[in-house]
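First comes the structure, then the notes that go with it.
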Protein chains: 2
Amino acid sequence: MKKKKKISIKDISKELGISITTISFIINKKAENKISKEVIKKVEDYIEKVGYTPNSSAQSLRTGKSKTIVFMAEDISDPFFSAIAKQMEEIAFDNGYKIIYCSTENKKERAIELLDLFKDRQVDAFIITPPEGFEEEMKKLIYEQHQTVMVFDRYYKSFEHNYVVLDNLRCAKDATRSLYDSGKKQLAFIGINSELSPIVHRYEGYLESIRSLELQEFSLMLKFEEIKTEQGRKKISSFLDKYPQIDGILFASNNLAINGLRVLKQKNTRIPEEIGIISFDERDIFELYSPPISVVSQPIEKLAGELIKGTLSLLQSKAGKSEIYQKTLEGTLIPRESISLKNPASS
Amino acid sequence: MKKKKKISIKDISKELGISITTISFIINKKAENKISKEVIKKVEDYIEKVGYTPNSSAQSLRTGKSKTIVFMAEDISDPFFSAIAKQMEEIAFDNGYKIIYCSTENKKERAIELLDLFKDRQVDAFIITPPEGFEEEMKKLIYEQHQTVMVFDRYYKSFEHNYVVLDNLRCAKDATRSLYDSGKKQLAFIGINSELSPIVHRYEGYLESIRSLELQEFSLMLKFEEIKTEQGRKKISSFLDKYPQIDGILFASNNLAINGLRVLKQKNTRIPEEIGIISFDERDIFELYSPPISVVSQPIEKLAGELIKGTLSLLQSKAGKSEIYQKTLEGTLIPRESISLKNPASS
DNA sequence: CTGAAAGCGCTTACAG
DNA sequence: CTGAAAGCGCTTACAG
């Protein structure tokens with residue numbers, strides 16, 4: 001009734017009359033110029049035949065490496081993060097690594113808890129989207145605990161670290177410009193009250209554009225907890241009531257836009273005739289919405305690829321000098337009917 | 001520059017002048033009636049102070065348990081599975097377990113590859129949504145390799161196993177009935193050509209309802225690969241052209257419904273006036289669609305809770321006799337404007 | 001109530 | 001070209 005006893009190097013050694021050392025060398029491809037071809041062949045064939053795989057706990061105990069990477073996302077059930085996770089997973093597996101996922105919910109306390117859980121727990125590297133106010137903890141993790149850390153989706157200016165992020169400033173700038181080019185002149189930014197770099201940069205990108213176009217600023221910042229709530233809707237609603245001249249909105253995130261669309265639907269606002277809309281982050285809902293919503297789409301495969309390959313390469317080079325891995329990727333504006341494609345600016 | 005050398009039981013032993021054995025007992029809460037309270041207190045305080053955590057690789061090597069559970073989902077980036085994953089994660093962590101996720105894409109070969117990857121790799125249990133045609137492999141995994149396996153979202157009749165599933169038959173039956181009650185009489189089922197139990201049972205539920213109502217059957221089964229594609233849309237489109245009398249559709253999955261909605265949008269079919277719609281599986285898109293789409297919603301928290309708690313309890317009892325854990329949960333029909341709520345059946 | 005010791009399955013310096 | 005042996009950090013039967 002018990003699982004079959006797993007075969008070990010020792011068993012192979014006995015069976016083949018070859019020492020454990022030799023077998024270990026062969027398994028770890030360190031046999032070059034050391035072990036005779038016949039022995040290698042013999043061992044490899046036998047391993048193949050009995051389907052031997054090394055006990056990873058023993059390897060891990062011995063080497064101090066666990067072949068495990070933790071991906072601490074803001075929310076792993078969010079389509080953006082789960083898509084990233086899935087892409088990374090495959091590449092990681094192909095390289096013999098496992099990934100463990102968890103979600104911070106953008107809560108500092110939760111992130112600390114999770115980090116604690118993994119601390120000194122044979123995790124080779126962390127890929128983290130730090131929550132609000134986590135700068136000091138990240139610095140500690142990297143510079144005091146000397147963990148291998150890749151920061152995702154945001155970054156800090158106060159210290160050097162590895163990261164993979166979107167060029168949020170440029171994306172927001174271009175999106176704002178596109179609203180303008182579609183004929184809208186009273187452009188609003190609906191964002192989040194946050195110090196996280198993507199949110200800050202999206203706002204800055206909006207600001208840069210309206211300044212260079214000499215437009216008036218209309219901006220509303222919700223609290224993080226309000227993004228998906230009735231409370232958030234109320235704020236958006238009264239914001240729009242207060243500035244009825246607004247004819248274009250850039251939403252700083254997909255959840256924000258979804259909540260905003262509910263408000264507009266309730267108000268029976270016609271899109272794009274009365275208000276043109278662009279949101280950050282693609283979601284299938286935007287394509288199917290009536291009318292379809294224009295978005296700044298993030299290059300998910302590229303982001304995931306850079307993240308995992310970058311992390312893996314850091315892990316490789318950890319023996320040598322510590323390099324720094326920093327990538328800023330471009331997004332793509334996908335224009336849809338939520339901005340009048342046929343009415344170019346008539347300024 | 002290297003990580004701080006981690007503290008071990010031996011270090012504590014030296015520092016406190018207490019044997020390794022005693023310390024291990026205390027850590028593992030096996031100290032009751034064996035170790036004096038003063039010693040326990042002394043050790044616990046010291047552990048607290050230096051922040052000692054046991055090396056999990058060593059524990060794993062010694063005990064043969066890894067405190068790791070693999071969740072092999074159909075597609076971890078699907079909102080349904082990622083929501084389940086997130087819920088399970090937390091409970092697992094609280095119980096000292098890690099979860100590793102992967103996606104089969106409903107491909108048998110991929111699932112075999114993944115299983116191979118984890119085989120004998122110190123995984124304590126598997127939570128699996130088996131792909132098409134995986135019955136024999138599942139049987140082997142459970143009855144030859146004696147792994148602890150929880151099957152999710154589907155189940156087999158040919159052998160006993162642990163599972164957590166939705167009561168798909170009843171849900172489909174009720175949904176079909178609701179379409180009828182909303183005044184529709186020519187009810188279609190759009191499903192998938194699959195032997196997986198949920199799909200089969202949803203179809204059977206539909207059949208049972210229309211038979212008891214003495215209605216005509218209209219059904220279309222797509223191939224799995226067509227669900228999200230243009231090819232699928234074409235099939236749905238010509239199906240609807242062929243049977244213009246259809247005035248109600250039950251979609252067997254959310255992706256199917258999303259693709260179906262595209263077809264209906266293109267055809268300018270009015271929902272619910274011309275065709276009433278109900279889909280399986282809640283997604284935020286359904287609530288925001290114009291009109292909002294009625295769905296059979298799965299109890300995600302409950303499902304995730306049963307899955308992980310069930311698995312954990314199997315792991316506990318593994319020492320004793322092997323029990324069987326089988327749960328069938330009810331779904332909830334959420335009626336929205338895609339069925340005429342105000343026009344009750346006038347039969 | 002407490003401790004010395006074996007052993008889980010590997011890797012790797014060292015010796016030949 | 002190959003092997004004997006130490007040791008990674010635990011747990012647990014055994015002895016006292």
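Quantities reported herein were computed from a predicted structural model and do not represent experimental measurements. In what follows, every chain begins at residue 1, and chains take the letters A, B, ... in the order their sequences are listed.
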Counting just side-chain N and O atoms, does T63(A) come under 4.0 Å of either OP1 or OP2 of dT11(C)? no
Distance test, side-chain N/O of S36(B) to OP1/OP2 of dC1(C), below 4.0 Å: no
Pair K86(A) + E105(B): basic N to acidic O under 4.0 Å: yes
Quick one: look up who dC14(D) pairs with, Watson-Crick or G-U, both distances under 3.5 Å, and put none if it's unpaired. dG3(C)
Without decimals, in angstroms, what is the distance between K65(A) NZ and dT12(C) C1'? 16 Å
Main chain of V151(A), side chain of N162(A): is a donor-acceptor contact present, judged purely on distance under 3.5 Å? no
Using a heavy-atom cut-off of 4.0 Å across all strands, would you classify I18(A) as base, sugar-phosphate, or nothing? sugar-phosphate
Rounding to a whole Å, what distance do you find between K29(A):NZ and dT12(C):C1'? 18 Å
Between Y52(B) and dG9(D), is there a contact of a side-chain N or O with OP1 or OP2 at under 4.0 Å? no
Winner on side-chain proximity to S8(A), out of dG3(D), dG9(C), dT11(C), is dG9(C)
Distance check: side-chain N/O of S19(B) vs OP1/OP2 of dG3(C), anything under 4.0 Å? yes
Mind calculating the distance between NZ (K42(A)) and C1' (dC1(D)) to the nearest angstrom? 14 Å
Derivation of the ring pair (Phe, Tyr, Trp, His ring centres under 6.0 Å) call for F71(A) and Y101(B): CA-CA 11 Å; F71(A) 177 32; Y101(B) 303 98; over 10 Å; no
K327(A) NZ/CZ over Y325(A) ring centroid, <6.0 Å and within 45° of normal: yes
Can you tell me if Q59(B) touches the phosphate of dT11(D), counting only side-chain N or O atoms and a distance under 4.0 Å to OP1 or OP2? yes
Rounded to whole Å, how long is the line connecting atom NZ of K37(B) with atom P of dT2(C)? 13 Å
Output yes when D45(B) and K41(B) qualify as a salt bridge under the 4.0 Å nitrogen-oxygen rule, no when they do not. yes
Could you work out which one of dA13(D), dC8(C), dT11(C) sits closest to the side chain of R62(A)? dT11(C)
Is the phosphate of dG3(D), meaning OP1 or OP2, less than 4.0 Å from a side-chain N or O of T21(A)? no
Let me spell it out: for each of A58(A) and I27(B), pick the nucleotide of DNA chain D with the closest heavy atom. Which residue's pick is nearer the 5' end? A58(A)
Does the side chain of K10(B) get closer than 4.0 angstrom to OP1 or OP2 of dC8(D) through an N or O atom? yes
Over how many whole Å does the gap from I20(B) atom CD1 to dG7(C) atom P extend? 16 Å
Given dT11(D), dC10(C), dG9(D), the nucleotide with the shortest approach to the side chain of N55(A): dC10(C)
Nearest whole Å is fine: how far is dT12(D) C1' from I26(B) CD1? 15 Å
Atom NZ of K67(B) and atom P of dC10(D): how far apart are they, to the nearest Å? 15 Å
Among dT11(D), dT12(C), dC10(C), the nucleotide that comes nearest once only the side chain of I9(A) is considered: dC10(C)
Quick test of your reading of the model: are E74(B) and R154(B) salt-bridged, counting only N-O distances below 4.0 Å? yes
In whole angstroms, the gap separating C1' of dG7(C) from CG of L61(A) amounts to 12 Å
